[in-house]
Amino acid sequence: MIIKSLTTSLLCCSILILSSLSHATTVLMHTGYGDIEVELFDQSTPIAVGNFLEYVQANQYNGTIVHRSISDFILQSGGFYTPTITNNQLTHSAIEKNTNVDNEPIYSNVRSTIAMAKLQDSPDSATSDWYINLVDNSYNLDKQNGGFTVFGQVTEAGMLIVDFIASIQTYNLGGAF
């Protein structure tokens with residue numbers, strides 16, 4: 001994967017499960033700019049939610065970065081840890097991926113939803129990467145590649161943080177990742 005951009009700070013220094021009552025799990029993403037609360041769709045997208053929570057419970061999202069930020073489209077994370085510079089070389093590490101999960105395209109990719117990212121032309125290729133829709137992307141993402149599994153929604157207060165992170169200057173690192 002070629003990384004198009006990188007924000008200047010962490011998105012997820014940690015993700016905590018707030019509650020899992022009534023079959024609806026809420027997670028809290030701690031960022032350097034504030035917390036993002038996400039309500040997961042446990043009942044209707046159990047495969048994607050279970051996959052996401054496996055990474056959360058294993059602390060694999062701790063220290064990850066936003067590695068793709070496209071204005072008026074999406075903010076993507078869940079794939080890479082904060083890079084470091086060693087001997088004037090940018091080094092990085094990727095999240096260790098679990099097995100691919102089946103696609104569950106039930107909900108539309110509208111503003112504030114969180115969905116599983118996957119490989120092009122491979123509907124059942126989602127692993128750790130996820131994205132938040134900054135706008136209504138249903139016209140595009142609901143139709144391509146078998147649709148994308150929306151598995152939760154960011155709360156209104158959380159979207160203020162997401163929008164701020166999306167507004168931060170990004171840097172093209174080319175093939176560094």
Side-chain angles (χ1 to χ4, degrees), residues 1-5 7 11-12 15-29 31 36-58 60-61 64-80 94-163 165-166 170 177:
M1 173 193 296
I2 296 176
I3 304 310
K4 302 286 184 194
S5 60
T7 65
L11 171 62
C12 300
I15 300 178
L16 303 172
I17 299 173
L18 291 180
S19 67
S20 58
L21 302 174
S22 304
H23 305 288
T25 303
T26 302
V27 295
L28 189 65
M29 299 179 182
T31 78
I36 301 168
E37 189 174 272
V38 180
E39 297 167 350
L40 304 179
F41 304 148
D42 302 62
Q43 299 258 334
S44 49
T45 57
I47 296 169
V49 169
N51 176 67
F52 181 76
L53 292 176
E54 280 183 35
Y55 287 99
V56 170
Q57 291 166 340
Q60 287 183 275
Y61 289 134
T64 57
I65 59 170
V66 169
H67 62 272
R68 188 171 177 218
S69 179
I70 302 174
S71 296
D72 298 321
F73 185 49
I74 64 162
L75 195 68
Q76 185 172 337
S77 186
F80 300 95
I95 286 181
E96 186 175 327
K97 310 285 188 198
N98 296 338
T99 58
N100 296 0
V101 296
D102 292 338
N103 199 23
E104 301 171 288
I106 297 168
Y107 299 107
S108 286
N109 282 268
V110 296
R111 177 173 164 71
S112 80
T113 55
I114 183 171
M116 296 304 302
K118 56 189 176 175
L119 300 174
Q120 184 175 349
D121 299 323
S122 187
D124 296 324
S125 62
T127 56
S128 65
D129 287 55
W130 48 266
Y131 62 89
I132 297 171
N133 286 289
L134 300 174
V135 296
D136 181 349
N137 292 309
S138 60
Y139 65 92
N140 179 18
L141 297 179
D142 289 358
K143 297 175 182 146
Q144 69 170 275
N145 200 7
F148 287 79
T149 301
V150 169
F151 64 95
Q153 186 161 10
V154 177
T155 63
E156 189 174 332
M159 279 307 290
L160 294 173
I161 304 302
V162 170
D163 288 336
I165 292 170
T170 59
F177 281 73

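Side chains are part of it too, since the values below use all heavy atoms of this structure and drop only hydrogens, waters and symmetry mates. Since the model is a prediction, treat every value here as computed from it, not as a measurement.
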What distance separates [X] [atom1] from [Y] [atom2], expressed to the nearest 0.5 Å?
X: Ile132; Y: Met29; atom1: CD1; atom2: CE; value: 5.0 Å
X: Thr31; Y: Ile161; atom1: OG1; atom2: CD1; value: 6.0 Å
X: Leu28; Y: Ile36; atom1: CG; atom2: CD1; value: 9.0 Å
X: Ile47; Y: Asp124; atom1: CD1; atom2: CG; value: 8.5 Å
X: Ile114; Y: Ile74; atom1: CD1; atom2: CD1; value: 11.0 Å
X: Ser138; Y: Arg111; atom1: OG; atom2: CZ; value: 14.0 Å

### Query
Counting N and O atoms only, with roles assigned by atom type, does the side chain of Asp42 sit under 3.5 Å from a partner on the main chain of Thr25, one being a donor and the other an acceptor?
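Side chain of Asp42 to backbone of Thr25, a donor-acceptor pair under 3.5 Å: yes, one is there.
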
#### Entry: Backbone of Ile95 reached by a side-chain donor or acceptor of Gln60 within 3.5 Å
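Between the backbone of Ile95 and the side chain of Gln60 there is no qualifying donor-acceptor contact (under 3.5 Å).
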
### Message
For Met116 versus Ala48, what's the shortest heavy-atom pair and its separation?
### Response
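Nearest heavy atoms, Met116 then Ala48: CG-CB, 4.0 Å.
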
### Query
Which heavy atom in Lys118 sits nearest to a heavy atom in Ser125, and how many Å separate them?
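Minimum heavy-atom separation between Lys118 and Ser125: CB-OG, 3.1 Å.
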
Counterpart residues, side chain to side chain contact (heavy atoms under 4.5 Å, CB included), relative to [X] (two or more places apart):
X: Lys97; result: Tyr55, Thr127, Ser128, Asp129
X: Leu160; result: none
X: Ser44; result: Phe41, Ile106, Tyr107

### Task
Sequence neighbours left out, what passes side chain to side chain donor-acceptor pair (under 3.5 Å) with Thr113? Give chain and number order.
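Per chain and number, Thr113 pairs via side chain to side chain donor-acceptor pair (under 3.5 Å) with Asn133.
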
Using residues 144-154 as the side-chain source, report each donor-acceptor pair under 3.5 Å to any protein atom, sequence neighbours left out, with the distance given to one decimal.
unit_1 : atom_1 : unit_2 : atom_2 : d
Gln144 : NE2    : Asn140 : OD1    : 2.7
Asn145 : OD1    : Asp121 : N      : 3.4
Asn145 : OD1    : Ser122 : N      : 2.9
Asn145 : ND2    : Leu119 : O      : 2.7
Thr149 : OG1    : Asn103 : OD1    : 2.6
Thr149 : OG1    : Glu104 : N      : 2.6
Gln153 : NE2    : Ser112 : OG     : 2.9

For a 4.5 angstrom cut-off between non-hydrogen side-chain atoms, does [X] reach [Y]?
X: Tyr131; Y: Phe73; result: no
X: Val66; Y: Thr170; result: no
X: Leu134; Y: Asp163; result: yes

### Query
Of all residues at least two apart in sequence or in a different chain, which pass the salt bridge (Lys or Arg N to Asp or Glu O under 4.0 Å) check with Asp136?
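Not a single residue meets the salt bridge (Lys or Arg N to Asp or Glu O under 4.0 Å) criterion with Asp136.
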
### Task
Not counting sequence neighbours, list each pair that qualifies as a salt bridge (Lys or Arg N to Asp or Glu O under 4.0 Å) and has a residue in residues 140-155.
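Pairs touching residues 140-155 that pass the test: none.
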
